[in-house]
Undergrad: 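Following this message is one structure expressed as structure tokens.
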Amino acid sequence: MSDESVDLGTNGLEQERARRLGSLDALRAKGTNPYPYRFDRSHTLGEIRNEFGALEAGSETKSHVTVAGRILLKRDQGKLIFATLQDRETSIQLFVSKAIVGDDAFDAINNLDLGDWVGATGIVMTTRKGELSIKVDSVILLSKAVRPLPDKWHGLTDTDTRYRQRYADLIGNEESRRMFAVRHAVISSFRRTLHERGFIEVETPVLHVEPGGAHARPFVTHHNALDMTLYLRIALELHLKRLIVGGMERVFEIGRVFRNEGISTRHNPEFTMMELYQAFADYTDIMDLTEVLFVNAANDATGSSTVLIDDIPVDLAKPWRRVRMIDLVREATGVEVHPSQPREQLVALAEKHGVKVLPHFGPGKIIEELFDATCETTLREPTFVTGHPVEISPLARVDRNDPHLTERFELFVGGRELANAYSELNDPVEQRLRFEDEQKSKEAGNAEAGTVDEDFLRAMEYGMPPTGGLGIGMDRLVMLIGNAQSIRDVILFPTLRLEAF
RNA sequence: GCGCCUUUAGCUCAGCUGGUAGAGCAACGGACUCUUAAUCCGCAGGUCCUGGGUUCGAUCCCCAGAGGGCGCACCA
């Protein structure tokens, strides 16, 4: 066997690949380029459906069109072939008659494989049964597929293969295509809503010297020329606030952030965050804006503001509950809690509810743990949980009515956190103290605590106006609006273990 | 990281108390000018995830490992 020859192989896949590679050679021998450079179409398949969708059965138009797409199905009738052509929008049937195209072209079309890309010209018609079709007068191969498609009826269901070979998933699974259309619509809707409100879209660094703005373990990398340790960002917050100091007033960024933590149906190590900052606003303004963003996104993506949460319809357009974290914990435990209480009291309550308390947990952290354990998963309908303890909110402003709480909210929907927002802390002296508390907590063994970001403090010292800020986990929002059960269904290429080839 | 489940033809899946595997689709050969997952006839296709062990004999039982799913933990 020479190096060039195709291994005829021992299994079905290799045999099929060898056959298709062989037909490539045969095409080239006949002077056909199986991979031409370009192709002009007159209509997308969706345009044809829009224009001719109402055609009666058995009609023939005078419209001669040129289309392109992938052959998904072939139904061979002897001297007549029906082929299903799919493009990005939809699919349409090609009607190929031997009497029209001639013997040679008919054979060539008959020799096309499922998965091949073709361009076709012909007359728009409907069959006797009413199926919108193109009565073909010519078909040209645009790209030969050498590997067979998944099952034409069941598609690809194996989750591993769907995530690893998203290309094959997208070819066969309408639902997968729909989900990514929803994703695009949601993100596009956010840009529209924010542009309408005078927000400027910006891009800030992904490589950070200090991984701040959230509590999470970072990915660590290294810049060779500068011989410097860098971290992939875990949040967008601190750079966007620097822009508020700079006077940009309303900024947002939709960007990838990275957290070196577990993977689950709700977590991917890299995910997409939208953060915005609005000068002269506080967290109540941000609640209103969050509701608008969500309702617009649902409407733009699905045509309705109603989404399914655990299979129950919920209209996002109704105002959302606003309730303090300490009040929710009191409702759940029957015990009044407040960060000003002695730590031992809260430890006792935590133990009663099976909450593990680590040595570096202060009263505020224990209250949050109690909330996570007793309340979080019960918050099915959209709920703004407000008033987080200062201890767990180093970048949020203290509540104007309670020095132990902050002006902060987290938005929970379907038991999942989707958003986090504050009246932003803009006092540089207090910010330094908060950072120093974080630093102490880190030294006490809290791996996720932050450090003192001197450049950020310098920015604060130039003066940041009163500002409201918001962060939204876009993947989870797409899950909500698209009704996805796993974050992997809304991320085109989710993080997986190394594949063995 | 821990627990449970799972891995059989290119795809979707069967496979009984242990006797070395089947179907549908795709492919290939044939029939067919209105099909819709076309239909009909024929033919081929296998490292039963990997490595050990038990057994006369392992897809099946046991152990270890790998991939995947779900749950818990961490977190958004």
Side-chain angles (χ1 to χ4, degrees), chain A residues 8-20 22-23 57-58 72-84 91-100 106 113-115 125-133 135 145-165 168-169 171-172 213-217 234-235 257-275 356 358 368-369 372-373 376 410-412 416-420 447-448 471-477 479 485-488 494 496-500:
Chain A
L8 283 172
T10 53
N11 63 45
L13 175 61
E14 288 312 310
Q15 283 173 16
E16 176 64 3
R17 288 183 66 238
R19 187 187 66 75
R20 294 192 186 206
S23 72
L72 279 194
L73 298 171
K74 265 196 325 184
R75 296 177 289 281
D76 177 3
Q77 300 290 310
K79 295 191 176 72
L80 194 61
I81 299 169
F82 299 93
T84 303
S91 59
I92 270 183
Q93 176 170 273
L94 299 182
F95 179 102
V96 185
S97 164
K98 192 168 192 170
I100 293 173
F106 191 81
D113 288 304
L114 302 189
M125 57 154 310
T126 51
T127 62
R128 287 173 205 161
K129 296 245 174 72
E131 181 74 31
L132 186 60
S133 308
K135 185 181 272 188
V146 168
R147 190 175 283 263
L149 295 179
D151 190 278
K152 68 180 180 184
W153 180 243
H154 299 96
L156 197 57
T157 63
D158 181 73
T159 47
D160 185 26
T161 313
R162 286 185 50 228
Y163 298 143
R164 287 191 195 277
Q165 301 185 35
D169 178 43
I171 292 168
H215 287 155
R217 294 179 177 199
I234 58 173
V257 299
F258 307 84
R259 298 188 181 178
N260 204 342
E261 282 160 0
I263 293 177
S264 78
T265 50
R266 292 169 292 281
H267 302 86
N268 197 63
E270 52 180 303
F271 63 102
T272 299
M273 183 88 100
M274 190 291 310
E275 288 195 30
K356 202 166 59 179
L358 299 179
E368 186 195 33
E369 293 287 325
D372 286 350
E376 185 172 335
E410 287 181 303
L411 171 66
F412 289 88
R416 290 199 276 264
E417 186 191 339
L418 263 72
N420 184 24
E448 282 154 10
I472 293 177
M474 296 302 287
D475 312 274
R476 290 183 178 182
L477 175 58
M479 287 173 69
Q485 302 312 305
S486 168
I487 199 168
R488 289 173 176 167
L496 300 169
R497 277 177 220 272
L498 196 63
E499 182 179 7

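We name chains A, B, ... by the order of the sequence lines, and we start the count at 1 in each one.
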Undergrad: Please pick, from B/A27, B/G10, B/U33, the nucleotide with the shortest atom-to-atom distance to any side-chain atom of A/Glu16.
TA: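 Output: B/A27.
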Undergrad: Can you tell me if the side-chain N/O atoms of A/Thr157 get under 4.0 Å from OP1 or OP2 in B/U12?
TA: yes
Undergrad: B/A27 and B/G42: how far apart are their C1' atoms, nearest whole angstrom?
TA: 14 Å
Undergrad: Give a yes or no answer on whether the side chain of A/Ser91 reaches the backbone of A/Thr84 with a donor-acceptor pair at less than 3.5 Å.
TA: no
Undergrad: Want to know the stems of RNA chain B: at least 3 consecutive Watson-Crick or G-U pairs with distances under 3.5 Å, which are they?
TA: B:1-7 with B:66-72, B:10-13 with B:22-25, B:28-31 with B:39-42, B:49-53 with B:61-65
Undergrad: When rounded to the nearest Å, what value does the distance between C1' atoms of B/C13 and B/U59 take?
TA: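 My reading of the C1' atoms in B/C13 and B/U59 gives 15 Å.
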Undergrad: Please measure how far the P atom in B/U17 lies from the corresponding atom in B/G1, and state the result in whole Å.
TA: 36 Å
Undergrad: Among B/A73, B/A37, B/C11, find the nucleotide with the atom closest to the side chain of A/Leu73.
TA: B/A37
Undergrad: Considering every strand and a 4.0 Å limit on heavy-atom distances, what is the contact class for A/Thr127: base, sugar-phosphate, or nothing?
TA: base
Undergrad: Within the structure shown, what part of the strands sits under 4.0 Å from A/Gln93 by heavy-atom distance: base, sugar-phosphate, or nothing?
TA: base
Undergrad: When the C1' atoms of B/C63 and B/A58 are compared, how many Å lie between them, rounded to an integer?
TA: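 Here B/A58 and B/C63 have their C1' atoms 14 Å from each other.
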Undergrad: Counting the atoms with a prime plus P, OP1 and OP2 as sugar-phosphate, which does A/Gly78 contact under 4.0 Å by heavy atoms, base, sugar-phosphate, or nothing?
TA: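 It contacts base atoms.
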Undergrad: If you check the A/Leu496 side chain, which of B/G68, B/C11, B/A76 turns out closest?
TA: B/G68
Undergrad: Using atom types as modelled and distance alone, determine if a side-chain donor or acceptor of A/Arg259 lies under 3.5 Å from a backbone N or O of A/Glu270.
TA: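 Answer holds: no.
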Undergrad: In whole angstrom, give me the gap between the C1' atoms of B/G29 and B/U36.
TA: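 It comes out at 25 Å once rounded to the nearest Å.
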Undergrad: Across the strands shown, which category fits A/Phe95 at heavy-atom distances under 4.0 angstrom: base, sugar-phosphate, nothing?
TA: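 Contact class for A/Phe95: base.
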Undergrad: Check every strand shown and say whether A/Arg497 touches a base, only sugar-phosphate, or nothing at a heavy-atom separation below 4.0 Å.
TA: sugar-phosphate
Undergrad: Enter the distance from A/Thr157:OG1 to A/Asp169:CG here, rounded to the nearest 0.5 Å.
TA: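 A/Thr157 OG1 to A/Asp169 CG: 10.0 Å, rounded to 0.5 Å.
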Undergrad: With rounding to whole Å, what would you report as the distance between B/A31 and B/U50 at their P atoms?
TA: 41 Å
Undergrad: In whole Å, I'd like the distance from the CG atom of A/Leu13 to the C1' atom of B/A27.
TA: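 For the pair A/Leu13 CG and B/A27 C1', the rounded distance is 11 Å.
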Undergrad: Select base, sugar-phosphate, or nothing to describe what A/Ala168 touches, counting heavy atoms under 4.0 Å on all strands.
TA: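 The residue A/Ala168 makes no contact with any strand.
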Undergrad: At what distance, to the nearest 0.5 angstrom, does CD of A/Gln485 lie from CZ of A/Arg266?
TA: 10.5 Å
Undergrad: If you look at every strand shown and take non-hydrogen atoms under 4.0 Å, does A/Gln77 touch a base, only sugar-phosphate, or nothing?
TA: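 Contact class for A/Gln77: base.
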Undergrad: Would you classify A/Gly172 as touching base, sugar-phosphate or nothing, given that sugar-phosphate means primed atoms plus P, OP1 and OP2, and contacts are heavy atoms under 4.0 Å?
TA: nothing
Undergrad: Of the candidate nucleotides B/A76, B/C34, B/A37, which contains the atom at the shortest distance from the side chain of A/Arg259?
TA: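 Among the listed nucleotides, the one closest to the side chain of A/Arg259 is B/A76.
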Undergrad: Using a cut-off of 6.0 Å, state whether more than 12 heavy atoms not belonging to A/Arg75 lie near its atom CZ.
TA: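 Count over threshold, so yes.
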Undergrad: Between A/Arg19 (CZ) and B/C28 (P), how many Å, whole number?
TA: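 It is 4 Å, rounded to the nearest whole Å.
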Undergrad: Is the backbone of A/Phe271 close enough, under 3.5 Å, to the side chain of A/Asn268 for a donor and an acceptor to pair up by distance?
TA: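 No.
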Undergrad: Is the backbone N or O of A/Thr272 less than 3.5 Å from a side-chain atom of A/Asp475, with the two atoms forming a donor-acceptor pair by type?
TA: yes
Undergrad: I'd like to know if the side chain of A/Arg147 reaches the main chain of A/Arg17, judged simply by a donor and an acceptor atom lying under 3.5 Å from each other, with no hydrogens or angles considered.
TA: no
Undergrad: Rounded to whole angstrom units, what separation is found between the NZ atom of A/Lys152 and the C1' atom of B/A27?
TA: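 Distance, rounded to whole Å: 12 Å.
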Undergrad: Evaluate A/Phe95 against A/Leu80 for side chain to side chain contact (heavy atoms under 4.5 Å, CB included), listing each step before the verdict.
TA: CA-CA 7 Å; A/Phe95 179 102; A/Leu80 194 61; 3.6 Å; yes
Undergrad: Please state how far atom CZ in A/Arg266 lies from atom C1' in B/A76, giving the value in whole angstrom units.
TA: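 In whole Å, B/A76 C1' lies 11 Å from A/Arg266 CZ.
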Undergrad: Rounded to the nearest angstrom, tell me the gap between atom CD1 in A/Ile487 and atom P in B/C70.
TA: 12 Å
Undergrad: Check whether A/Gln93 reaches the backbone of A/Leu132 with its side chain - one donor and one acceptor, N or O, closer than 3.5 Å.
TA: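 Side chain of A/Gln93 to backbone of A/Leu132, a donor-acceptor pair under 3.5 Å: no, none is there.
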Undergrad: Describe the nucleic acid contact of A/Thr265 in one word from base, sugar-phosphate, nothing, applying a heavy-atom distance below 4.0 Å.
TA: sugar-phosphate
Undergrad: Under 4.0 Å, heavy atoms only, any strand: does A/Asp475 hit a base, just the sugar-phosphate, or nothing?
TA: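 Result for A/Asp475 = nothing.
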Undergrad: Using a cut-off of strictly less than 4.0 Å, decide whether A/Thr161 has a side-chain nitrogen or oxygen near OP1 or OP2 of B/U12.
TA: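 The answer is no; no side-chain N or O of A/Thr161 sits under 4.0 Å from OP1 or OP2.
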Undergrad: Write down the distance separating the C1' atoms in B/U55 and B/C62, rounded off to the nearest Å.
TA: 12 Å
Undergrad: Judged by each residue's nearest nucleotide on RNA chain B, which is more toward the 5′ side, A/Glu410 or A/Asp113?
TA: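 So the residue in question is A/Asp113.
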Undergrad: Just to be sure I understand the rule, does A/Leu149 reach a base, reach only the sugar-phosphate, or reach nothing, if contact means heavy atoms closer than 4.0 Å?
TA: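 The residue A/Leu149 makes no contact with any strand.
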Undergrad: How long is the line joining CZ of A/Arg20 and C1' of B/G10, in whole Å?
TA: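 The distance from CZ of A/Arg20 to C1' of B/G10 comes to 10 Å, rounded to the nearest Å.
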Undergrad: Of the options B/C72, B/U36, B/C70, whose atoms approach the side-chain atoms of A/Ser486 most closely?
TA: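 When the side chain of A/Ser486 is considered, B/C70 is the closest of B/C72, B/U36, B/C70.
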Undergrad: Looking at the side chain of A/Leu114, which of B/A38, B/U33, B/A26 is the nearest nucleotide?
TA: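 The answer is B/A26, which lies nearest to the side chain.
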Undergrad: Of the nucleotides B/U33, B/A27, B/C74, which one has an atom closest to the side chain of A/Glu261?
TA: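 That would be B/C74.
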Undergrad: What contact category does A/Asn268 fall into here, base, sugar-phosphate, or nothing, at under 4.0 angstrom with non-hydrogen atoms?
TA: base
Undergrad: Regarding B/G24, can its base be found pairing with the side chain of A/Asp151 as donor and acceptor, where the two atoms are less than 3.5 Å apart?
TA: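 Yes, the side chain and the base share a sub-3.5 Å donor-acceptor pair.
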Undergrad: Heavy atoms under 4.0 Å, any strand shown: does A/Glu417 hit a base, just sugar-phosphate, or nothing?
TA: sugar-phosphate
Undergrad: Rounded to the nearest 0.5 Å, what separates atom CG in A/Asp160 from atom CG in A/Leu496?
TA: 6.5 Å
Undergrad: Which value, in whole Å, describes the distance between the C1' atoms of nucleotides B/G24 and B/C40?
TA: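 It comes out at 15 Å once rounded to the nearest Å.
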Undergrad: Is any side-chain N of the basic residue among A/Arg162 and A/Asp158 closer than 4.0 Å to the acidic one's carboxylate O?
TA: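 No, A/Arg162 and A/Asp158 are not salt-bridged.
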Undergrad: Measure CD/A/Glu376 against P/B/A76 and give the value in whole Å, please.
TA: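 Roughly 9 Å, once rounded to whole Å.
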Undergrad: Any base atoms under 4.0 Å from A/Ser97, or only sugar-phosphate, or nothing? Heavy atoms, all strands.
TA: base
Undergrad: Could you give the CZ-to-P distance, from A/Arg128 to B/U33, as a whole number of Å?
TA: 12 Å
Undergrad: Closest approach to the side chain of A/Arg164, judged atom by atom: which nucleotide of B/U33, B/C11, B/G67 is it?
TA: B/G67
Undergrad: Are the ring of A/Phe271 and the six-membered base ring of B/A76 within the stacking cut-offs of under 5.5 Å and under 30°?
TA: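 By the stated criterion, A/Phe271 and B/A76 stack.
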Undergrad: Among B/A37, B/U36, B/G67, which nucleotide sits nearest the side chain of A/Trp153?
TA: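 For A/Trp153, the side-chain atoms sit closest to B/A37.
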